Structure formats: C-alpha cells, structure tokens
Amino acid sequence: MPDVSLIRSELLAWYDAHARSLQWRAPPGAGTRTEPYRVWLSEVMLQQTTVPHATPYFHDFTRRWPTVSDLAAAPDAEVMAAWAGLGYYARARNLLACARAVASDHGGVFPDTEAGLLALPGVGAYTAAAVASIAFDRAANVVDGNVERVMARLFAVETPLPAARPELKRLAAQFITDDRPGDWAQALMDLGATVCRPKSPTCGLCPLTDQCLGFAGGTPERFPIKTKKAERPHRLGVVYVMIDAEGRVALERRPDKGLLGGMMGLPTSDWAVGAVDAAAPIAADWREAGAVEHVFTHFSLTLSVRTARVEGGGDYEWMTVEAARAALPTVFAKALDRAGEPALI
DNA sequence: CACTCGTGGCA
DNA sequence: TTGCCAAGAGT
C-alpha cells in the first residue's frame with residue numbers, strides 16, 4: 001500500500017520546486033501567507049472555473065475592492081456586472097452576502113476556523129477547508145476535484161463517482177497534519193492540475209509513481225471511474241433587442257433565483273424543448289437577425305435574435321450597447337453581437 | 001442523493 | 001464537431 005509519510009515528504013518537496021506562481025498565492029518557503037480576503041476571493045472564483053478564466057476577474061476585483069469591507073460596501077449592480085462572463089452567478093450573489101456578513105457580523109475580519117468559515121454564505125466544505133489551511137495554516141482536509149482524482153489514482157479506487165466521494169475524502173484525510181497544511185493542500189491541487197491531469201497524465205514527471213497503485217496497474221488515467229451523465233436537452237427561445245432613438249438597448253434585471261439569477265438580461269421568450277410562445281414584448285417592426293447557440297450545464301440553447309427600433313421607457317433599463325455588453329452574461333452578449341450595430345437596427 | 005447552476009478551452 | 005471538464009455550493 002502507498003506509504004502516507006513518504007508521499008507527504010515527496011509531494012511537498014516537489015511543490016517546493018514546482019509550485020505554480022499564482023497571483024493569490026504566497027510562494028512556498030517564503031514565510032508569508034496570502035490575506036484571507038484574497039484567498040477566499042480566489043477560491044470562490046476558482047469554483048468550477050479555470051485559472052486562466054478567473055485570473056483577470058481576480059485582478060479587477062482586488063483593484064476595485066482591495067478589502068472585504070470595500071466589497072461589502074459595493075452596490076449589488078456593480079458587483080454583478082463585474083462578475084459578468086465568469087458564470088455560476090449565484091457565486092456573485094453569495095460573494096456579496098458573505099462580504100457583508102464578514103463586515104457586519106465579524107468586524108471586517110474573516111473567521112479563522114473551518115467551522116466559522118463554513119457558516120458563511122457561498123462557503124462550502126471545500127472552500128472552508130481551503131481558506132482555513134491556506135490563509136490560517138490550520139490542518140483541514142481540502143478536497144476538490146483534483147484531490148479526488150489524485151486519491152482515486154494513488155489507491156486505484158474502483159468505486160465510481162459520485163458514490164466514491166466519502167471514500168476519497170477518507171483517503172485524503174489520512175495525509176492531513178499540522179505540518180504545512182496550506183502547502184499540502186496546494187501541492188495536491190497543483191499536482192492534479194499539472195501532472196495528474198484528467199486526460200494524458202504525465203506520470204513521467206510525477207514524484208509519486210512508485211507509490212501509485214493506479215500507475216502500477218498500467219492505466220492510471222482510467223481513475224476516477226465515473227458514472228455516465230444524462231445527455232442534455234436542447235431548448236429553443238427568442239431574444240429581443242430593442243434599440244431606442246439614442247442607440248440604447250433595453251435590459252431587465254433577472255430575478256435573484258434561477259438561471260442567470262440577479263444578472264441583467266435581454267427580454268426573452270421562455271426557453272423550452274420544442275415550440276415556444278414567442279410573443280414580442282411590445283408591438284414593433286421586428287426583424288430577424290439570425291440565431292445564437294449557447295451551452296449551459298444542463299441544457300443547450302438556440303436563441304433566435306429579433307431586433308426593432310422602439311421608443312424608450314417602459315419597465316426597462318436602457319443602457320448603451322457597450323455598457324450592456326460588459327454587464328451581460330455571455331449568452332446575452334452573444335445575442336447583442338448578433339443583433340449588429342445599433343445604428344443599423 | 002439528485003438536480004440546478006456558466007463558461008471557454010481542448011482533444 | 002461533440003463531449004469532457006475546471007480550486008463546488010445550495011436546495
């Protein structure tokens with residue numbers, strides 16, 4: 001069986017030499033830690049999101065709101081617009097709720113325990129453990145998709161995900177000690193991200209191959225075993241681009257709950273499998289401007305784009321096309337692009 | 001447990 | 001082109 005102590009020392013030594021340099025990370029051995037605010041912000045942005053995608057958002061947020069109290073004081077609309085394009089918008093709503101809870105209930109200082117962090121909005125088991133270990137140097141079992149994959153390969157776990165989660169978490173727990181907990185968590189995640197990758201892992205560069213049951217079996221890439229996902233349905237809908245005399249576009253704030261919740265959006269029909277009720281929001285000389293395709297987590301979508309020149313007013317927020325594009329989720333930004341130059345509508 | 005909830009890159 | 005998947009959380 002894999003030797004826990006040996007794996008720890010070999011992986012930490014590998015991390016000391018190969019740690020990725022990331023904006024929100026203090027390099028190993030520097031004797032410094034990243035502020036809790038930045039650790040938390042980066043962890044929330046990185047939930048189900050790649051490092052290259054999240055990085056410019058991290059820069060923008062920390063420049064505009066250098067502390068958690070600054071963020072707590074920011075208007076909802078500004079924060080939601082700043083998050084536009086990053087996806088999973090409940091994260092942005094919870095981010096604000098969390099910042100405000102820290103500001104009002106904790107004097108602007110993050111709780112320094114895993115349990116205290118777990119009680120905050122948008123902070124689940126992973127993020128609480130990550131912030132506790134990375135920002136506060138507490139022994140915590142940080143288990144994300146990388147850690148699950150590394151454990152599944154090290155121990156050749158045949159149980160498929162998601163049923164294997166508890167077992168993978170137990171396997172990860174045996175490595176947790178008071179020695180360099182933050183570095184340990186990041187070392188495991190870096191290994192998973194750069195060497196023990198989902199596809200074509202580079203086992204030749206891995207410090208743990210001599211301890212890895214998956215490698216010993218010859219096909220480490222088959223772990224973790226996964227159950228098949230249901231295929232996603234395809235929905236249809238119509239999106240309406242209304243331009244007023246000043247070239248501004250009509251937007252509406254979407255309800256807090258549900259898809260793209262809390263974000264600005266273009267007026268649309270319902271999105272459904274098969275025919276949809278495409279009654280236009282107002283009477284106008286509507287023109288067809290083509291369609292956009294978009295893929296969400298659990299369905300794909302074809303949106304017909306219809307454009308019209310209209311008078312302003314109504315229950316809409318009228319914004320310049322530039323401002324709208326920056327504030328809109330990607331699916332609507334695509335539709336706006338498809339609609340073309342406002343002067344030509 | 002099962003489902004909802006984005007986006008972009010890549011094989 | 002299509003499917004996979006990335007530092008998950010909430011319900």
Side-chain angles (χ1 to χ4, degrees), chain A residues 19-20 22-25 34 38-58 80 83-95 97-98 117-135 140-150 160-166 169 172 182 184-194 196-200 221 224 226-234 254-263 265 271 292-301 328-334:
Chain A
R20 288 179 293 175
L22 303 171
Q23 289 298 318
W24 47 84
R25 168 183 289 176
T34 305
R38 289 175 173 249
V39 175
W40 162 75
L41 180 62
S42 67
E43 292 300 343
V44 174
M45 286 184 168
L46 289 164
Q47 288 167 10
Q48 301 288 286
T49 305
T50 58
V51 167
H53 193 189
T55 297
Y57 288 85
F58 181 82
M80 298 308 289
W83 197 274
L86 197 49
Y88 285 138
Y89 298 99
R91 290 185 299 170
R93 300 194 301 277
N94 286 329
L95 188 83
C98 182
L117 291 159
L118 192 56
L120 295 167
V123 177
Y126 163 77
T127 304
V131 176
S133 65
I134 298 170
N141 193 14
V142 181
V143 184
D144 71 336
N146 288 308
V147 177
E148 288 180 346
R149 183 171 57 259
V150 172
L161 285 171
R165 291 240 148 83
K169 191 162 187 171
W184 172 254
Q186 295 180 94
L188 214 39
M189 292 191 284
D190 269 21
L191 187 76
T194 64
C196 198
R197 304 178 298 198
K199 297 173 189 173
S200 22
E221 67 277 7
K226 297 190 176 184
T227 54
K228 269 190 188 171
K229 295 174 187 173
E231 66 180 79
R232 55 178 145 239
H234 189 80
R254 297 174 63 85
D256 273 346
K257 295 193 175 181
L259 191 73
L260 310 175
M263 297 298 289
W271 303 344
V292 293
E293 301 290 335
H294 196 73
V295 180
F296 293 98
T297 305
H298 56 292
F299 68 93
S300 57
L301 176 70
L328 287 170
T330 299
V331 62
F332 292 124
K334 283 184 186 174

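For the numbers below, each heavy atom of this structure counts, side chains included, while hydrogens, waters and symmetry mates do not. Values in this document were obtained by computation on a predicted structure and should not be read as measured data.
- Ring centroid separation for the pair Phe296(A) and His298(A) does not come in under the 6.0 Å cut-off.
- At a threshold of 4.5 Å between non-hydrogen side-chain atoms, the residues Cys196(A) and Asn146(A) do not count as touching.
- Residue contacts for Gly85(A): at a heavy-atom cut-off of 4.0 Å it reaches the sugar-phosphate backbone alone, with no base atom in range.
- The outermost nucleotides of DNA chain B lying under 4.0 Å from heavy atoms of chain A, listed 5' to 3', are dT4(B) to dG8(B).
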Legend entry - Working for side chain to side chain contact (heavy atoms under 4.5 Å, CB included), residues Val142(A) and Leu188(A): CA-CA 9 Å; Val142(A) 181; Leu188(A) 214 39; over 6 Å; no

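- Between the C1' atom of dG3(C) and the NZ atom of Lys229(A) lies a distance of 9 Å, rounded to the nearest Å.
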Legend entry - Footprint string (nucleotides 6-11 of chain C, 5' to 3'): B base within contact, S backbone only, - free, heavy atoms under 4.0 Å: BBBSS-

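- Residues Val331(A) and Arg165(A) each lie close to DNA chain B; by heavy-atom proximity, the contact nearer the 5' end of the strand is made by Arg165(A).
- Using bins of under 30°, 30° to 60° and over 60° for the plane-to-plane angle, the ring pair Phe58(A)/Trp24(A) lands in the perpendicular bin.
- For the pair Arg25(A)/Arg20(A), a side-chain contact is recorded, criterion being any heavy-atom separation below 4.5 Å from C-beta on.
- Distance noted for atom C1' between dA6(C) and dG6(B): 12 Å (whole Å).
- Across the P atoms, dA9(C) and dG8(B) are found 22 Å apart, a figure rounded to whole Å.
- Residues Leu95(A) and Trp83(A) form a side-chain contact, since some pair of their non-hydrogen atoms from C-beta on lies under 4.5 Å apart.
- Residues Arg232(A) and Val295(A) are in side-chain contact: their nearest non-hydrogen atoms beyond the backbone lie under 4.5 Å apart.
- Looking at heavy-atom distances under 4.0 Å, Leu86(A) makes contact with a base.
- Tyr88(A) places none of its side-chain heavy atoms less than 4.5 Å from the side chain of Gln47(A).
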Validation: residues 254-262 of chain A side-chain donor-acceptor distances under 3.5 Å, sequence neighbours left out:
from: Arg254(A); atom 1: NE; to: Leu259(A); atom 2: O; distance (Å): 3.3
from: Arg254(A); atom 1: NH2; to: Leu259(A); atom 2: O; distance (Å): 3.1

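- Look at the C1' atom in both dC5(C) and dC5(B): the space between them is 15 Å, to the nearest Å.
- To the nearest angstrom, C1' of dC4(C) lies 14 Å from CG of Leu161(A).
- Using C1' as the reference atom, dC1(B) and dT11(C) are 12 Å apart when rounded to the nearest Å.
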